[in-house]
Amino acid sequence: MVERDAVIAEQGTRLKTLDRLSAANGSMCITDAAKTLGVQRAQDLFEFMSARRWIFKRPGNRSWLAYQDKIQAGYMEHDDYIHFDNLGRERVSTRALVTAKGLVKLADLLEQPLH
(Lines give C-alpha, C1' and ligand atoms only; values in the text may rest on other atoms or scores of the structure.)
Protein backbone atom coordinates (compact mmCIF):
# COMPACT_ATOMS: atom_id res chain seq x y z
CA MET A 1 0.00 0.00 0.00
CA VAL A 2 2.75 2.45 0.90
CA GLU A 3 4.57 1.85 -2.40
CA ARG A 4 1.36 2.33 -4.39
CA ASP A 5 0.61 5.58 -2.53
CA ALA A 6 4.12 6.84 -3.31
CA VAL A 7 3.67 6.05 -7.01
CA ILE A 8 0.29 7.81 -7.07
CA ALA A 9 1.75 10.88 -5.33
CA GLU A 10 4.68 10.97 -7.78
CA GLN A 11 2.37 10.68 -10.78
CA GLY A 12 0.13 13.41 -9.41
CA THR A 13 3.09 15.76 -9.04
CA ARG A 14 4.25 14.90 -12.57
CA LEU A 15 0.78 15.58 -14.00
CA LYS A 16 0.58 18.96 -12.26
CA THR A 17 3.99 19.88 -13.67
CA LEU A 18 3.01 18.77 -17.18
CA ASP A 19 -0.28 20.68 -16.97
CA ARG A 20 1.58 23.86 -15.99
CA LEU A 21 4.15 23.34 -18.72
CA SER A 22 1.57 22.68 -21.44
CA ALA A 23 -0.19 25.96 -20.61
CA ALA A 24 3.05 27.97 -20.70
CA ASN A 25 4.00 30.32 -23.50
CA GLY A 26 7.22 30.19 -25.46
CA SER A 27 9.16 27.68 -27.47
CA MET A 28 12.66 26.30 -27.84
CA CYS A 29 14.88 24.86 -30.53
CA ILE A 30 14.92 21.09 -30.93
CA THR A 31 18.45 20.84 -29.49
CA ASP A 32 17.33 22.56 -26.29
CA ALA A 33 14.19 20.41 -26.23
CA ALA A 34 16.42 17.31 -26.32
CA LYS A 35 18.32 18.59 -23.28
CA THR A 36 15.10 19.39 -21.44
CA LEU A 37 13.67 15.94 -22.23
CA GLY A 38 16.87 14.18 -21.16
CA VAL A 39 17.62 12.78 -24.62
CA GLN A 40 21.33 11.85 -24.68
CA ARG A 41 22.04 13.01 -28.23
CA ALA A 42 20.09 15.83 -29.87
CA GLN A 43 20.37 13.95 -33.18
CA ASP A 44 18.26 11.16 -31.64
CA LEU A 45 15.39 13.60 -31.03
CA PHE A 46 15.66 14.96 -34.58
CA GLU A 47 15.43 11.40 -35.90
CA PHE A 48 12.55 10.55 -33.54
CA MET A 49 10.58 13.63 -34.62
CA SER A 50 11.31 13.08 -38.30
CA ALA A 51 10.22 9.43 -38.15
CA ARG A 52 6.94 10.48 -36.52
CA ARG A 53 6.27 13.24 -39.06
CA TRP A 54 6.82 16.20 -36.76
CA ILE A 55 9.66 17.71 -38.82
CA PHE A 56 11.11 17.45 -42.33
CA LYS A 57 13.69 19.01 -44.62
CA ARG A 58 13.00 20.28 -48.10
CA PRO A 59 15.35 18.88 -50.77
CA GLY A 60 18.51 20.96 -50.89
CA ASN A 61 17.72 22.75 -47.62
CA ARG A 62 19.57 22.34 -44.32
CA SER A 63 16.83 23.66 -42.04
CA TRP A 64 14.21 21.50 -40.39
CA LEU A 65 10.60 22.58 -40.81
CA ALA A 66 7.52 21.51 -38.88
CA TYR A 67 4.61 19.71 -40.48
CA GLN A 68 1.53 21.91 -40.66
CA ASP A 69 -0.63 19.57 -38.54
CA LYS A 70 1.89 19.88 -35.66
CA ILE A 71 1.80 23.67 -35.98
CA GLN A 72 -2.01 23.67 -35.96
CA ALA A 73 -2.01 21.36 -32.92
CA GLY A 74 0.18 23.90 -31.11
CA TYR A 75 3.14 21.52 -30.77
CA MET A 76 5.51 23.37 -33.11
CA GLU A 77 6.08 26.81 -34.57
CA HIS A 78 8.54 28.46 -36.93
CA ASP A 79 11.03 31.22 -36.27
CA ASP A 80 12.68 33.34 -38.95
CA TYR A 81 16.21 34.45 -38.13
CA ILE A 82 19.02 36.32 -39.84
CA HIS A 83 22.49 34.79 -40.23
CA PHE A 84 25.53 35.07 -42.47
CA ASP A 85 26.43 32.33 -44.94
CA ASN A 86 29.99 31.12 -45.51
CA LEU A 87 30.54 33.92 -48.05
CA GLY A 88 29.55 36.59 -45.53
CA ARG A 89 26.17 37.31 -47.14
CA GLU A 90 23.22 38.04 -44.90
CA ARG A 91 20.48 35.40 -45.14
CA VAL A 92 17.08 34.80 -43.62
CA SER A 93 16.24 31.24 -42.62
CA THR A 94 13.37 29.49 -40.91
CA ARG A 95 13.74 26.93 -38.15
CA ALA A 96 11.30 24.67 -36.35
CA LEU A 97 10.72 25.28 -32.64
CA VAL A 98 9.01 23.06 -30.07
CA THR A 99 6.33 24.79 -27.99
CA ALA A 100 5.71 24.02 -24.32
CA LYS A 101 2.66 21.99 -25.35
CA GLY A 102 4.82 20.10 -27.87
CA LEU A 103 7.42 19.40 -25.19
CA VAL A 104 4.77 17.74 -23.03
CA LYS A 105 3.54 15.67 -25.99
CA LEU A 106 7.08 14.61 -26.90
CA ALA A 107 7.78 13.60 -23.29
CA ASP A 108 4.70 11.37 -23.44
CA LEU A 109 5.71 9.87 -26.81
CA LEU A 110 9.26 9.19 -25.63
CA GLU A 111 7.90 7.16 -22.70
CA GLN A 112 5.80 4.92 -24.94
CA PRO A 113 7.30 1.58 -25.97
CA LEU A 114 8.14 1.02 -29.63
CA HIS A 115 5.63 -1.06 -31.57
Side-chain angles (χ1 to χ4, degrees):
M1 285 297 247
V2 174
E3 185 177 328
R4 183 186 68 178
D5 292 342
V7 169
I8 291 171
E10 180 182 328
Q11 288 176 345
T13 300
R14 181 177 177 274
L15 287 174
K16 286 179 188 175
T17 301
L18 292 176
D19 283 346
R20 285 185 59 212
L21 182 58
S22 68
N25 291 322
S27 57
M28 63 180 69
C29 70
I30 296 171
T31 300
D32 287 345
K35 291 176 190 174
T36 301
L37 293 167
V39 176
Q40 291 292 332
R41 294 180 333 127
Q43 184 60 34
D44 292 340
L45 185 58
F46 281 96
E47 291 171 7
F48 181 88
M49 293 173 71
S50 177
R52 284 156 183 79
R53 296 185 51 85
W54 278 57
I55 57 173
F56 68 97
K57 286 185 179 180
R58 289 191 178 117
N61 197 328
R62 293 179 29 206
S63 298
W64 288 98
L65 300 172
Y67 279 98
Q68 188 61 35
D69 65 320
K70 299 306 184 273
I71 293 171
Q72 290 174 326
Y75 299 148
M76 303 285 296
E77 61 186 20
H78 286 136
D79 176 44
D80 295 326
Y81 65 100
I82 297 171
H83 64 95
F84 293 94
D85 66 13
N86 56 0
L87 298 176
R89 297 175 296 195
E90 192 171 71
R91 300 283 186 191
V92 176
S93 293
T94 300
R95 65 181 167 184
L97 300 174
V98 180
T99 65
K101 183 178 178 181
L103 200 62
V104 171
K105 182 65 175 178
L106 283 170
D108 184 46
L109 292 173
L110 287 166
E111 289 182 4
Q112 294 177 10
L114 294 175
H115 302 125

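Below, all heavy atoms of this structure are taken into account, side chains as well, without hydrogens, waters or symmetry copies.
Rounding to the nearest 0.5 Å places NE2 of His78 at 11.0 Å from OG of Ser27. Here the CE atom belonging to Met76 is positioned 14.0 Å from the NZ atom belonging to Lys105, to the nearest 0.5 angstrom. Taking CD of Glu77 as the reference point, atom OG1 of Thr94 lies at 12.5 Å (rounded to 0.5 Å). Going from atom CZ of Phe46 over to atom CD1 of Ile55 covers 6.0 Å, rounded to the nearest 0.5 Å. Note: Leu37 CG to Glu111 CD = 10.0 Å, rounded to the nearest 0.5 Å.
A single hydrophobic cluster is seen to contain both Ile71 and Leu109, as judged by linkage of ILVMFWY side chains at heavy-atom distances under 4.5 Å, directly or through other members. In this structure, Val39 is not a member of the same hydrophobic cluster as Leu97, with clusters built from ILVMFWY side-chain heavy atoms closer than 4.5 Å.
Atom CD of Gln40 has 12 or fewer neighbouring heavy atoms from other residues, nucleotides or ligands inside a 6.0 Å radius.
The minimum heavy-atom distance linking Lys70 with Arg53 is given by the pair NZ-O, 3.6 Å. A pairwise comparison of heavy atoms in Ala66 and Ala96 identifies N-CB, 3.9 Å as the closest pair.
Under the side-chain contact (heavy atoms from CB on, under 4.5 Å) test applied with Trp54, the options Ile30, Asp69, Leu106 reduce to a single match, Leu106.
Applying the side chain to side chain contact (heavy atoms under 4.5 Å, CB included) rule to Ala33 yields the partners Met28, Leu45, Val98, Leu103; only residues at least two apart in sequence or on another chain are considered. Not counting sequence neighbours, the partners of Arg91 by the salt bridge (Lys or Arg N to Asp or Glu O under 4.0 Å) test are Asp85.
Phe56 belongs to a hydrophobic cluster with Leu65, Tyr67, counting contacts under 4.5 Å between side-chain heavy atoms of Ile, Leu, Val, Met, Phe, Trp and Tyr, direct or through other members.
Between the side chain of Thr31 and the backbone N or O of Ala42 there is no donor-acceptor pair closer than 3.5 Å. Formation of a donor-acceptor pair under 3.5 Å by the Lys101 side chain with backbone atoms of Ala73 is found in this model.
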